[in-house]
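Just so it is clear, the structure is predicted and the values come from calculations on it, not from any experiment. To find a chain, count down the sequence lines: A is the first, B the second, and so on, and within it residues start at 1.
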Amino acid sequence: MNVNDKDYRERVYEIVRQIPVGNVMTYGQISMILGEGYTARTIGYVMHGADSDKVPWQRVINSQGKCSTGRLTIPVNLQQELLEAEGVVFNDKGKCDLGKFLWSPAGFEPEDEAQTTLFSR
DNA sequence: AACTTGACGAGGG
DNA sequence: CCCCTCGCCAAGT
């Protein structure tokens with residue numbers, strides 16, 4: 001798998017574009033939906049090449065409900081600020097309530113208690 | 001071809 | 001809740 005392959009990246013962006021304003025998804029969740037060849041790390045790699053005008057990249061955060069953009073080209077806190085402007089609430093430790101803001105595409109909603117717990121951890 | 005480095009995730013202390 | 005370790009997979013050197 002190669003992130004330079006357009007189709008490979010597009011499959012990720014297609015999902016990200018579907019996330020409604022004020023909601024978020026996690027890297028791991030997206031990788032599980034896309035399945036083979038994709039891992040949380042891969043999704044992150046694809047996202048750094050995302051066109052910020054075409055993809056709501058800020059709506060993809062880590063599984064702990066925090067933004068993990070600290071060490072790269074993106075200004076620290078920018079992602080969180082963009083999300084807060086959309087209505088996502090973060091606590092004093094920079095964490096948001098995934099049980100409340102996490103979104104899943106049609107057909108991929110968590111089906112049982114176990115998954116619900118997993119997704120909102 | 002070996003080694004390092006991530007916009008990651010889960011588990012243990 | 002913080003910190004560390006390990007597994008993960010693709011890129012850059």
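Rounding to whole angstrom units, NE2 of residue A:H48 and C1' of C:dC9 are separated by 14 Å. As a whole-Å value, the separation of A:R41 CZ from C:dC6 P is 14 Å. Following rounding to the nearest Å, A:R9 (CZ) and C:dA10 (C1') show an atom-to-atom distance of 14 Å. Between the CE atom of A:M32 and the P atom of C:dG7 there is a distance of 19 Å, given to the nearest Å. In this structure, A:N62 places its CG atom 15 Å from P of B:dG11, rounding to the nearest Å. The interatomic distance linking A:Q64 (CD) with B:dC8 (P) rounds to 10 Å, in whole Å. Distance A:W57 CH2 to B:dC8 C1': 17 Å, rounded to the nearest Å. When the C1' atom of B:dG9 is taken as reference, atom CD of A:Q29 falls 13 Å away, rounded to whole Å.
You'll find that the side chain of A:Y27 is closest to B:dC8, out of C:dC2, B:dA10, B:dC8. When the nucleotides B:dA10, B:dC8, C:dC8 are ranked by their closest atom to the side chain of A:T39, C:dC8 comes out on top.
With sequence neighbours excluded, the residues satisfying side-chain contact (heavy atoms from CB on, under 4.5 Å) with A:V21 are A:R59, A:E86. For A:N23, the side-chain contact (heavy atoms from CB on, under 4.5 Å) criterion is met by A:I19, A:P20, A:W103, not counting sequence neighbours.
Across all non-hydrogen atoms, the minimal contact from A:M47 to A:Y13 is SD-CE2, 4.3 Å. Considering all non-hydrogen atoms of both residues, A:C96 and A:F101 come closest at CB-CD1, 4.4 Å.
Phosphate proximity of C:dA10 to A:T42: absent, as no side-chain N or O sits under 4.0 Å from OP1 or OP2. An OP1 or OP2 oxygen of C:dC1 is reached within less than 4.0 angstrom by a side-chain nitrogen or oxygen of A:K95. The phosphate of B:dC8 (OP1 or OP2) has no side-chain N or O of A:S31 nearer than 4.0 angstrom.
Between the side chain of A:Y45 and the base of C:dA10 there is no donor-acceptor pair of N/O atoms closer than 3.5 Å.
None of A:I33, A:I61, A:V16 except one satisfies the side-chain contact (heavy atoms from CB on, under 4.5 Å) rule with A:M25; the exception is A:I33.
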